[in-house]
Amino acid sequence: MKFQRIDLDNWSRKSYFEHYLNRVNCTFSMTANIDITELLPTLRQKGMKLYPAFLYMVTNVVNAHREFRTSFHTDGELGYWESMIPSYTFFHQDDQTFSTMWTEFADEFHVYYQNYVADMKRYGDNKGFVAKEQEPPYTFPVSCIPWVSFSGFNLNLSGDGRYLLPIITSGKYFKQEGKTLLPVSLQVHHAVCDGYHASLFINDLQKWATNYKEWLGVE
């Protein structure tokens, strides 16, 4: 996957980047409820799970906006990936631990879904933090907390404060005023994303959930 270097001196975001990375190192999170009232029963009718559909939708949103693909390369260079795929967590019921998995992405949902099913069948019983080895560098983290319908979620990152990629977390969907809502939290680094970009993410994710017929292939 191609990594495009950013010429910092000629980047319109340079002053914001340097401020929120070096002077006031700052991440922030935004949580919103995504309406899946029609999407969820349609998936159930097809015998499909919500989680891989969620992964598919968020990946399309991430790949639509360069701000969510901007990071430091392993060599320390700043840039952005041409496209990315999710590195997602899944739960082991028997010992209440979790592992991470990555699955090759496909523009067609049904192909990605089958890739997801195949990976879970092959690696889903592997214990430890990493279930599937050789994760490529062009991944972003996604997780799910399906036991609670949270109204806010925040990760407290330590280290050098140079982790720039978005971190996406979904919660337990719930009913409210006749709608089925899925809480989704987005955490980003202010050096590369502002409130505008976080809003783009939430609004675009809702569009994918609303326009499910287009990618699920239903009438």
Side-chain angles (χ1 to χ4, degrees), residues 1-6 27 29 34 36 39 43 48-75 77-91 98-126 128-146 155 157 162-170 182 184-189 192-193 197-198 200-202 204-209 211-212 214-217:
M1 189 61 62
K2 184 178 180 181
F3 186 81
Q4 181 66 47
R5 313 290 173 168
I6 291 176
T27 65
S29 61
I34 302 300
I36 58 169
L39 169 61
L43 287 169
M48 292 179 163
K49 298 179 180 295
L50 175 61
Y51 194 35
F54 177 71
L55 296 172
Y56 177 80
M57 293 189 293
V58 298
T59 302
N60 275 285
V61 176
V62 166
N63 286 333
H65 302 285
R66 191 175 80 179
E67 291 79 9
F68 303 129
R69 292 177 278 114
T70 301
S71 66
F72 289 105
H73 199 275
T74 52
D75 60 9
E77 292 267 3
L78 176 68
Y80 58 92
W81 292 101
E82 184 178 49
S83 64
M84 302 193 77
I85 63 175
S87 173
Y88 55 94
T89 62
F90 66 95
F91 189 67
F98 72 91
S99 299
T100 63
M101 180 90 76
W102 61 276
T103 294
E104 287 293 346
F105 194 69
D107 291 335
E108 185 179 343
F109 171 67
H110 294 278
V111 175
Y112 178 69
Y113 191 91
Q114 291 306 314
N115 291 345
Y116 170 90
V117 170
D119 273 345
M120 289 302 300
K121 182 177 181 180
R122 181 174 180 181
Y123 303 102
D125 291 331
N126 290 356
F129 188 77
V130 177
K132 182 182 177 183
E133 300 287 348
Q134 299 181 324
E135 179 176 306
Y138 48 89
T139 62
F140 63 94
V142 184
S143 61
C144 178
I145 305 176
L155 289 164
L157 302 181
R162 292 166 65 87
Y163 187 83
L164 304 180
L165 293 174
I167 303 174
I168 301 154
T169 309
S170 66
L182 178 71
V184 176
S185 176
L186 169 73
Q187 183 150 324
V188 294
H189 201 300
V192 293
C193 288
H197 306 105
L200 275 179
F201 180 92
I202 297 298
D204 280 8
L205 184 58
Q206 182 59 70
K207 289 177 184 178
W208 276 94
N211 300 327
Y212 68 94
E214 296 178 7
W215 50 271
L216 264 181

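Keep in mind it's a predicted model, so treat the numbers as computed, not measured.
In this structure, Met48 and Leu216 have side chains that are in contact, with non-hydrogen atoms separated by less than 4.5 Å. Counting heavy atoms from C-beta on, the side chains of His197 and Phe68 come closer than 4.5 Å. No side-chain heavy atom of Leu155 sits less than 4.5 Å from a side-chain heavy atom of Thr27. Under the 4.5 Å side-chain criterion, counting only non-hydrogen atoms from C-beta, Tyr163 is not in contact with Phe72. Residues Leu55 and Tyr112 are in side-chain contact: their nearest non-hydrogen atoms beyond the backbone lie under 4.5 Å apart.
Minimum interatomic distance between Leu164 and Val192 (heavy atoms only, all atoms of both residues): O-CG2, 3.6 Å. In this structure, Gly79 and Ile6 approach most closely via the heavy-atom pair CA-CG1, 3.7 Å. Heavy-atom minimum distance, Tyr56 versus Ala106: CE1-O, 3.6 Å.
Taking a 6.0 Å sphere around NZ of Lys132, one finds it holds more than 12 heavy atoms contributed by other residues, nucleotides or ligands. Crowding of Asn126 atom CG: a count of heavy atoms from other residues, nucleotides or ligands under 6.0 Å exceeding 12. The environment of Phe91 atom CZ is dense: over 12 non-hydrogen atoms of other residues, nucleotides or ligands sit within 6.0 angstrom. For Asn211, the CG atom sits in a packed shell: over 12 heavy atoms of surrounding residues, nucleotides or ligands are nearer than 6.0 Å.
To the nearest 0.5 angstrom, Gln206 atom CD is 12.0 Å from Phe201 atom CZ. Between the CD1 atom in Ile168 and the CE atom in Met57 there is a gap of 11.0 Å [rounded to 0.5 Å]. Considering CG of Asp119 and CZ of Phe90, their distance stands at 9.5 Å, rounded to 0.5 Å. Distance check: Thr139 OG1 to Leu165 CG gives 7.5 Å after rounding to the nearest 0.5 Å. For the atom pair CD of Glu108 and CG of Asn115, the computed distance is 10.5 Å after rounding to the nearest 0.5 Å. Of the inter-residue distances, the one linking Phe54 atom CZ with Tyr51 atom OH reads 7.5 Å to the nearest 0.5 angstrom.
The side chain to side chain donor-acceptor pair (under 3.5 Å) pairs that include a residue from residues 59-69 are His65-Asp204, where partners are two or more places apart or lie in different chains. For residues 80-89, the pairs satisfying side chain to side chain donor-acceptor pair (under 3.5 Å) are Ser87-Glu135, Tyr88-Thr103, with sequence neighbours left out.
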TODO: Check the pair Met101 / Tyr116 against side-chain contact (heavy atoms from CB on, under 4.5 Å), numbers first and verdict last.
DONE: CA-CA 9 Å; Met101 180 90 76; Tyr116 170 90; over 6 Å; no
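For Ser99 (side chain) and Gly128 (main-chain N/O), a donor-acceptor pair under 3.5 Å exists by modelled atom type. Using modelled atom types, one side-chain atom of Trp215 and one backbone atom of Trp208 make a donor-acceptor pair closer than 3.5 Å. Side-chain atoms of His73 do not come within 3.5 Å of backbone N or O of Leu78 as any donor-acceptor pair. The main-chain N or O of Glu133 is never found under 3.5 Å from a side-chain atom of Tyr123 such that the two would form a donor-acceptor pair. Remark: the backbone N or O of Phe129 is paired with a side-chain donor or acceptor of Thr100 at under 3.5 angstrom.
Looking at residues two or more places apart in sequence or on another chain, you find no ring-ring contact (aromatic ring centres under 6.0 Å, His included) involving Phe140.
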